[in-house]
Structure formats: C-alpha cells, structure tokens
Amino acid sequence: MKKMQLIDESFLDKCKQRFLDLCEKKVPWGSLTMMKDISLSKKGAVGEHLYYKVQDFVYDSVLFEYCRHPTILDYIECFTGPDIMAIHTMLINKPPDSGSLTSRHPLHQDLHYFPFRPANRIVCAWTAMEDITPENGCLVVLPGSHKGKLLQHDYPEWENGVNKMYHGVRGFDDHPIMELSMTKGDTVFFHPILIHGSGPNRTQGFRKAISCHYSCAEMEFIDIQGTSQENIAKEIEEVTKRRGLELNFQDFWKFRSRLVRGQQAVK
Ligand SMILES: O=C(O)CCC(=O)C(=O)O
C-alpha cells in the first residue's frame, strides 16, 4: 500500500534539520544511535556525508512527532488494532555512494530483528523525505513475499564490506523486484515478512526517509533460542553490552519502544 503525499513537506523539513543538527552535534545525542557508513568513514567523511542513520528517537521531541502523526496512526491502527506501540524508529540518510556500494541495503525481512509476535500485527510506515528514485536508492520489494516465512539472514559477502546489522537473505537475486519510486511525503506501509532492501545512491545528493515500526501493545515476546534469529540476538546483546547496558534481546526492544495510541498492555 502506498499513500501519496501523506506527510506534510514542512514537517519533513523540520525532521531533516534535526538530523543535520545531530550530524553536526549541535544537539546532544542522548539515547539516540548515530550510525556511520563503513566506507565513508574510512574516507574521512564527516557530518551528513558520514552518518547513514539515526535510530531510537522515541524520546526525541522533534523526530518522535513522526511516530505520533495522527494520519499515520489511523492507517497503522488497521493493522495493529487500537493500542499501538512505536517499536523501531529510524531516519535513514543515504549519502552519495563512495563507489564501494556500501550504501546498498541487502534484501531482508524486518521480522528477523524482532523477538515479538504476532507478525501480522506489526507494520512499518516508511516516508520519503525527498523524491526517491532508482538512481538515489529507492526501496525495492519482492511482491507477495510477505506471505512466506521468516528466513535465515546473514551478512552478505560484499567486496567492500557491509554496514553494521545489515543482515540479508540469500537466493533472491533472480527474483522479480518492484522499485518504489516515491515523491516527498509519500508513505508505504509494509508487513515484517516482506522481503525488501534498497539500492545504492548513485547521485551526488542525499536520500532521506523516516520510518517507524509499530506493533499492537499486547505483543508477546518470544524465546529465539534455536531459531534463525540467534545471530542477530547475539550481535545486539554484544553491542548493548559495549555501551554499558546489560540487556537481553527482548529487553532491548522493550527499552526502546513507546506507546503512541491507546493503552499499554498490562501483563
Ligand atoms: O531505507 C532504506 O534504504 C531501507 C531501510 C530498511 O529496509 C530497513 O532499515 O529495514
């Protein structure tokens, strides 16, 4: 499903300015996570040319307004029901690719990252913050793949390396894909089993999008031991530990979620 110009351009410009202020450290990062592109980092890039993502903005006064946007939530509610948690928040900046193709995002299913269910009551909203085309790295999706199962994900074997946490599925290189060209403000909503990714940014400009994954507030956390999700759980637990937090995979997600509509589930 794609909704044309769902989000007002002036709001997206405010989000962009917030991202630029974060890149330039004009505002404190607090609990936000700023992620660097590996090849641009090696080339000494700084600011907007270096950071490809800010995550975990449920306590950022500017960016969190995206998660609470009433029009977005009206659509989200169709999937989650009335009690809604914002779970995973990202503003994804794709700086011009350095030639190493690390600005690609491998094909993956978002459920790989989530230790909660049911999958049918998790949904992503992803909004183009500028015009997005195949040239600057639009989303690509495998139509119908949301009806499949959660697959094994691993780091792709890319010649010039791959950004942190960019796990991907294998064996879909010859599968028909759909490129989602979008204009500023357009929003797509998609299922966490949908196989998707994005291409490199071959232009000299940036490609920004803002997204939030939502879940019904009464989601159930699951034990992922013995499943294909063990690798991502281990990696996330190691990264959190390096930051001085002793959180398991499930608590990591509880920690970064926030109620956006309705009532918090009491368990
Ligand atoms: O914005 C992109 O390029 C892809 C984002 C994405 O698929 C994700 O972070 O799960």
Side-chain angles (χ1 to χ4, degrees), residues 2 7 12 15-16 19 32-40 48 51-58 63 66-67 86-97 101-115 119 122-143 145-146 150-151 153-156 158 162-169 172 177-203 205-215 229 232 235-236 239 253 256:
K2 178 156 90 173
I7 304 293
L12 295 172
C15 294
K16 176 177 173 183
F19 179 72
L32 296 167
T33 310
M34 298 289 290
M35 300 175 82
K36 294 174 185 170
D37 179 279
I38 48 159
S39 61
L40 297 170
E48 192 186 13
Y51 294 102
Y52 73 89
K53 209 194 262 190
V54 55
Q55 288 196 163
D56 308 330
F57 52 70
V58 288
L63 300 176
Y66 174 75
C67 309
I87 296 274
H88 184 29
T89 47
M90 296 183 285
L91 188 157
I92 311 133
N93 177 42
K94 229 188 235 291
D97 195 275
L101 297 178
T102 52
S103 66
R104 285 173 294 172
H105 196 138
L107 290 175
H108 65 282
Q109 298 166 304
D110 292 334
L111 196 69
H112 172 63
Y113 297 88
F114 302 150
I122 302 171
V123 61
C124 177
W126 190 102
T127 299
M129 293 176 65
E130 51 210 316
D131 292 352
I132 297 187
T133 62
E135 288 68 45
N136 65 8
C138 66
L139 275 186
V140 298
V141 302
L142 270 57
S145 56
H146 66 288
L150 180 59
L151 303 169
H153 287 64
D154 293 292
Y155 275 113
W158 285 348
V162 55
N163 285 328
K164 281 216 184 78
M165 309 276 174
Y166 271 21
H167 293 194
V169 290
F172 290 90
I177 57 160
M178 184 182 280
E179 295 180 311
L180 299 188
S181 289
M182 295 165 69
T183 55
K184 187 171 176 178
D186 287 354
T187 301
V188 280
F189 297 89
F190 58 91
H191 189 280
I193 288 281
L194 183 80
I195 300 178
H196 66 286
S198 62
N201 180 359
R202 298 183 194 275
T203 71
F206 297 87
R207 189 237 71 176
K208 289 187 182 56
I210 185 163
S211 85
C212 180
H213 284 81
Y214 300 89
S215 164
Q229 290 180 267
I232 188 67
E235 190 171 342
I236 285 180
V239 171
W253 284 104
R256 52 206 246 138

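Atoms within each ligand, like the ligands themselves, are counted from 1 in listed order. Any value given below was found using the heavy atoms of this structure, including those in side chains, with hydrogens, waters and symmetry copies removed. Quick note: residue numbers are just sequence positions, from 1.
- Here F19 and F206 keep their ring centres 6.0 angstrom or further from each other.
- Close approach of ligand 1 to H196 is summarised as follows: ligand atoms under 4.0 Å from at least one heavy atom of the residue are 6 (C), 7 (O), 10 (O).
- Here the NZ-CD distance, from K16 to E130, works out to 6.0 Å after rounding to the nearest 0.5 Å.
- Under 4.0 Å from ligand 1, not a single heavy atom of M165 appears.
- Under a 4.0 Å criterion applied to the non-hydrogen atoms of D110, ligand 1 contributes the atoms 10 (O).
- Scanning the protein for heavy atoms near atom 1 (O) of ligand 1, the closest one is R207 NH2, 2.9 Å.
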Original post:
Do M165 and V239 pass the side-chain contact (heavy atoms from CB on, under 4.5 Å) test, and can you show the C-alpha distance, the side-chain angles, and the key distance before you say yes or no?
Top reply: CA-CA 10 Å; M165 309 276 174; V239 171; 3.7 Å; yes

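- Within ligand 1, the atoms closer than 4.0 Å to a non-hydrogen atom of L139 are 4 (C), numbered from 1 in the order shown.
- Under the 4.5 Å side-chain criterion, counting only non-hydrogen atoms from C-beta, D110 is not in contact with H191.
- Looking at H213 next to ligand 1, no N or O pair under 3.5 Å apart turns up.
- Of the protein's non-hydrogen atoms, the one nearest atom 6 (C) of ligand 1 is H105 CE1, 3.6 Å.
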Original post:
Could you walk me through whether S103 and N201 pass the side chain to side chain donor-acceptor pair (under 3.5 Å) check?
Top reply: CA-CA 6 Å; S103 66; N201 180 359; over 6 Å; no

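- The protein heavy atom nearest to atom 10 (O) of ligand 1 is H108 NE2, 2.9 Å.
- For A209, no heavy-atom contact with ligand 1 is shorter than 4.0 Å.
- The shortest heavy-atom contact between S211 and C124 is CB-SG, 4.2 Å.
- Side-chain rings of F114 and H213 approach one another, their centers coming within less than 6.0 Å.
- Contact atoms of ligand 1 toward I92: 1 (O), 5 (C) (distance under 4.0 Å to a heavy atom of the residue).
- Scanning the protein heavy atoms around atom 3 (O) of ligand 1, the nearest turns out to be S198 OG, 2.6 Å.
- The aromatic ring centroids of Y113 and H88 lie 6.0 Å or more from each other.
- Between T203 and N136, the side chains place no donor N or O within less than 3.5 Å of an acceptor N or O (distance only, hydrogens not considered).
- The closest approach between Y113 and ligand 1 stays at or above 4.0 Å for every heavy atom of the residue.
- Listed by number with element, the atoms of ligand 1 under 4.0 Å from a non-hydrogen atom of M90 are 8 (C), 9 (O).
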